[in-house]
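Just so we're on the same page: letters track the sequence lines, and every chain starts at 1. Given the structure is predicted, the values throughout are model-derived calculations rather than measurements. Only this structure's heavy atoms are used, side chains among them; waters, hydrogens and symmetry mates stay out.
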Number of protein chains: 2
Amino acid sequence: MGFNIKDVASLAGVSPSTVSRVVANHPRISEETRERVRAAMKELDYHPNAIARSLVKKTSETIGLLIPNPIDQFFLNPFFTECLRGITSVTEQEGYDVLLSTSNGTGFTDEMRLQHMIGSKRVDGIILLNSKMHDPLISILEENHVPCVLIGRPSTTTSISWVNNDNVKAAYDATKHLIEHGHTRIGFLSGSQELVVSVDRLSGYHAALRDRNLPFDPNLIVTAEFLEQGGYSGMMRLLALPDRPTAIVASDDVLAFGAMRAAGELGYHIPDDLAIIGFNDMHLAKMANPPMTSMNVHIDELGKVAAEMLLDQITKANRGKRTVIIQHNLVIRRSCGSQVQPTYEAF
Amino acid sequence: MGFNIKDVASLAGVSPSTVSRVVANHPRISEETRERVRAAMKELDYHPNAIARSLVKKTSETIGLLIPNPIDQFFLNPFFTECLRGITSVTEQEGYDVLLSTSNGTGFTDEMRLQHMIGSKRVDGIILLNSKMHDPLISILEENHVPCVLIGRPSTTTSISWVNNDNVKAAYDATKHLIEHGHTRIGFLSGSQELVVSVDRLSGYHAALRDRNLPFDPNLIVTAEFLEQGGYSGMMRLLALPDRPTAIVASDDVLAFGAMRAAGELGYHIPDDLAIIGFNDMHLAKMANPPMTSMNVHIDELGKVAAEMLLDQITKANRGKRTVIIQHNLVIRRSCGSQVQPTYEAF
DNA sequence: ATGAAAGCGCTAACAG
DNA sequence: CTGTTAGCGCTTTCAT
């Protein structure tokens, strides 16, 4: 318990540096001493102290993930799990661990937590989630020259790399789909306009209306938190309008679920009375009643590519700025009035 | 960029130890030097190197979470997110971060990853998920005297603390509910019998049948992975029986979803032809068609209590073994044939 | 109240 | 191929 490199060295009758070399698989070590050291390591159940190693090598084989506040609200949206699944699918292959910056108790802002994560040297790079408009986190990252990748689009010019969907186009496509179904009054359930993703999706909605010469009615746009409750109350407001929408684009599936619940309570039938399209195509979507049409933006892929890009920066010192766009595709089910077979999908 | 304690010290005209003291809020520092040091820290944008600190203090303000292999399969079940939500709700208050041990690329087993996490000294304590029967991880934890808490019940006597549900009783209650609805042929969709939770839930099912003098038919028990696909194929097998069950207890909601899909494809109507009860009451459950009756075991609470217990061990050196049982409650919706109002629930 | 010095466990020149 | 030496950046006695 708690043996260190010196203990192993003296048991094997060599110097600490030799032990260090066999641990690191240094080539120029005689087979004989290598064996002897290995035996000593096993006998003492020696495990190298990663902290000490980290201190001298200045790498930690760990990447950091900054969970934006409020933390537990973030976990409520399946977005996080999907992202993390993508991220870990590459870290596990490359031998990296993932540090979640959660500590917030002492009233730390996201900026302070990011500064701390960088300054504390516990991670070799950082993945940032959920970029906000005029996000101060971006400039912190730039100033510090830390390897990092943003999941989402920065709202201002920046030198840091990012992965994103073409959210403008995705919302455009979703809205167009409803227009092609004959809808002219289409409501839009938006997430907070502080988030770039919300801004982009709203602007795609606008563009689609404009292209088809449909009038734009600000009353048809409701902003809510990315929570089911937000979708519910937003929808209630839309349905209370004298000239209610006949179709809804929700910029997140959880909003769409809330919207469906509100519609159900008021006695509207989906898709006959009201068409709904969600965003993200979470697993939930296919189990909804009726199964929900949703824009799949391949969140796991966002995470996967972000992690790959980050590890590239870290291991290859490849700091050139890269931006990647992940494709989207509309998964048509029954909530939008399309005539599709009642299919059964696996998770 | 990259200033250290010495840089701050010389700028402030003091010794490194003094800087260290003001960082640590040491009381016996004159107000004047404290100010001077703070100014220097701010000017250099100094952030203490947590790695160096960790090396000497032997604490990291980080707790480790060992994600069992296969990692990405684990993320597919919402169990993980809920657990993590509970865990982070306490770490964020207490100023701890969370390290996910994911690195697995070089063919590491769970044991090796645990050993590494402990030996590497990057975490002050460990939360273990998903205990298996005869789990070797448990003995590793015991031997190393690391602060740790198990989420789940250990299958053998052990000195380590754990949090769990009374899964035997929970499955008993779920099964009893179906029996009270008049069912006598009740199928059981189990997760892998290598997991303690599966064993417990199956034994609760047994006990309920026994208590009501119902015959036990091994054909009614199907074991599958905790994935929707597992529930689907398991259900297909049950429904192919000459004397098919009229009700199902699924030991996980994702299994129940797969079961519902299979039943749907074969033209069975739920709950009229077939009653189903799931386990975990994930958010999905209430959005199912029909809304799913499910045993809520309060997973976030498991995570929360586990984290609290762990931090207690770490900060108070409170190593006494503790075991906590989190209550369960059946959330009755429409998939089990109970006559309940079609209610609408928020997330 | 502050500084000097030793050392946490490891790696990396530099010698040999 | 292997050992010696000098740190990595910080905390912590022990002095003063």
* Asked: Quick one: does B:T62's side chain have a donor or acceptor within less than 3.5 Å of a partner on B:S60's backbone?
  -> yes
* Tell me: CD of B:E61 to P of D:dT11, nearest whole Å? -> 11 Å
* Tell me: CD1 of A:I29 to C1' of D:dG3, nearest whole Å? -> 11 Å
* Nucleotide-resolved protein contact map, nucleotides 7-16 of chain C, B/S/- at heavy-atom distance under 4.0 Å -> -BBBSBBB--
* Asked: How close or far is atom C1' of D:dC1 from atom CD of A:E31, stated in whole angstroms?
  -> 13 Å
* Return the value, rounded to whole Å, for the distance between atom NE2 of B:H26 and atom P of D:dT13. => 11 Å
* Give B:S54 one of three labels, base, sugar-phosphate or nothing, depending on what nucleic acid heavy atoms sit under 4.0 Å from its own. => nothing
* Asked: Any donor-acceptor pair under 3.5 Å linking the side chain of A:T91 with the backbone of B:T102?
  -> no
* Asked: For D:dT2, does OP1 or OP2 lie under 4.0 Å from any side-chain N or O of A:S30?
  -> yes
* Asked: Do B:K58 and B:D124 sit within salt-bridge range, that is, some charged N less than 4.0 Å from a carboxylate O?
  -> no
* Asked: Atom CZ of B:R28 to atom P of D:dT16: distance rounded to whole Å?
  -> 17 Å
* To do: Using only side-chain N and O atoms of B:T33, determine if any of them is under 4.0 Å from OP1 or OP2 of C:dA1.
  => no
* To do: Compute whether any side-chain donor of one residue and acceptor of the other, for A:D300 and A:H298, lie under 3.5 angstrom apart.
  => no
* Structure fact -> In whole angstroms, the gap separating P of D:dG9 from CE of B:M41 amounts to 17 Å
* Under 4.0 Å between a Lys/Arg side-chain N and an Asp/Glu carboxylate O for A:E61 and A:R53? -> yes
* Around atom NZ of A:K321, are there more than 12 heavy atoms of other residues, nucleotides or ligands at under 6.0 Å? -> yes
